[in-house]
Peer 1: 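Got a structure for you, questions after.
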Amino acid sequence: QVQLVESGGGSVQTGGSLRLSCVASGDDGYSSACMGWFRQAPGKEREGVAVIYFGGLSPVYADSVRGRFTISRDNTKNTVYLHMNNLKPEDTAMYYCAADSAVVPGSELEEHQYKYWGRGTQVTVSS
């Protein structure tokens, strides 16, 4: 059973930056081959933000964050990061880390692809 714990959320002003972290534990080295970040704003559906594979394949980004957010992972620490720059009020949401052993190519940003989820970390961007 994989446990995911997020951290790094907070409150920033428009244009600011944050780095989110997600540490995976209990992993057999396979279950978190694909890890990603999702977010959910009040009253909205949860949406995929960025996904990264264990190695080789290019990360996948939502159009709304491409060029501003960067996902990375440190496999030696079982940690995935989300570097968020030029934050906007519309980025305000609860951010969740997700993981699974494999996802369908082209469907990486669909939440039903992921078995394991963290509890989330709040990001608030004020104008």
Peer 1: Provide the closest heavy-atom pair for T92 versus A41 in the form atom of the first, atom of the second, distance.
Peer 2: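 Smallest heavy-atom distance, with atoms named: O-CB, 3.6 Å.
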Peer 1: Could you tell me whether the side chain of V80 reaches within less than 4.5 Å of the side chain of W37, counting heavy atoms only?
Peer 2: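 Yes. Closest side-chain heavy atoms under 4.5 Å.
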Peer 1: Just how far is it from atom CG of D100 to atom NE2 of H112, taken to the nearest 0.5 Å?
Peer 2: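 One gets 10.5 Å once the value is rounded to the nearest 0.5 Å.
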Peer 1: Go through the steps to decide whether M35 and C97 satisfy the test side-chain contact (heavy atoms from CB on, under 4.5 Å), and finish with yes or no.
Peer 2: CA-CA 7 Å; M35 296 184 71; C97 180; 3.9 Å; yes
Peer 1: What are the two closest heavy atoms between P89 and S127, and how far apart are they?
Peer 2: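 It is CG-CB, 4.0 Å.
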Peer 1: Is the side chain of E108 donor-acceptor paired with the backbone N or O of G106 at a distance under 3.5 Å, no angle test?
Peer 2: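 Answer holds: yes.
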Peer 1: Would you find more than 12 non-hydrogen atoms of other residues, nucleotides or ligands less than 6.0 Å from E45 atom CD?
Peer 2: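 Atom CD in E45 is not crowded, with 12 or fewer foreign heavy atoms closer than 6.0 Å.
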Peer 1: Could you check whether atom CZ of R119 has more than 12 heavy atoms from other residues, nucleotides or ligands sitting under 6.0 Å from it?
Peer 2: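 Result for CZ/R119: open.
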Peer 1: Does the side-chain contact (heavy atoms from CB on, under 4.5 Å) test come out yes or no for Y61 and T70, once each step is laid out?
Peer 2: CA-CA 8 Å; Y61 294 97; T70 302; 3.8 Å; yes
Peer 1: Could you check L82, L20, V5 and say which one makes a side-chain contact (heavy atoms from CB on, under 4.5 Å) with T121?
Peer 2: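 Only one of L82, L20, V5 forms a side-chain contact (heavy atoms from CB on, under 4.5 Å) with T121, namely L20.
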Peer 1: Show, in sequence, the C-alpha distance, side-chain angles and deciding distance for V125 and E90, and conclude whether the side-chain contact (heavy atoms from CB on, under 4.5 Å) test is met.
Peer 2: CA-CA 8 Å; V125 185; E90 51 263 43; over 6 Å; no
Peer 1: Is there a path of hydrophobic side-chain contacts, each under 4.5 Å between heavy atoms of I/L/V/M/F/W/Y residues, joining W117 to V103?
Peer 2: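 Linked within one cluster.
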Peer 1: Could you check whether atom CD of Q13 has more than 12 heavy atoms from other residues, nucleotides or ligands sitting under 6.0 Å from it?
Peer 2: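 No - once you tally the heavy atoms of other residues, nucleotides and ligands closer than 6.0 Å, there are 12 at most.
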Peer 1: Looking at every heavy atom in both L4 and A99, which two are closest together, and how far apart are they?
Peer 2: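 Of all heavy-atom pairs spanning L4 and A99, the closest is CD1-N, 3.8 Å.
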Peer 1: Quick check: closest heavy atoms across R39 and S64, and the distance to 0.1 Å?
Peer 2: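 That closest heavy-atom pairing would be NH2-OG, 3.4 Å.
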Peer 1: Could you go step by step and tell me if S21 and K77 meet the side-chain contact (heavy atoms from CB on, under 4.5 Å) rule?
Peer 2: CA-CA 11 Å; S21 300; K77 298 180 179 179; over 6 Å; no
Peer 1: Distance check, rounded to the nearest 0.5 Å: C34 atom SG versus R73 atom CZ?
Peer 2: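 Result: 8.0 Å between the selected atoms.
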Peer 1: Between Y81 and H83, what is the ring plane arrangement, given parallel below 30°, perpendicular above 60°, and tilted in between?
Peer 2: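 The rings of Y81 and H83 sit tilted, inter-plane angle from 30° to 60°.
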Peer 1: For Y95 and F69, take the angle between the two ring planes, folded into 0 to 90°, and tell me which bin it lands in: parallel under 30, tilted 30 to 60, perpendicular over 60.
Peer 2: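 Ring orientation, 0 to 90° scale: tilted.
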Peer 1: Between the side chains of K88 and D91, is the shortest nitrogen-to-carboxylate-oxygen separation below 4.0 Å, so that they form an ion pair?
Peer 2: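 Not counted as a salt bridge, because no side-chain N and carboxylate O are separated by less than 4.0 Å.
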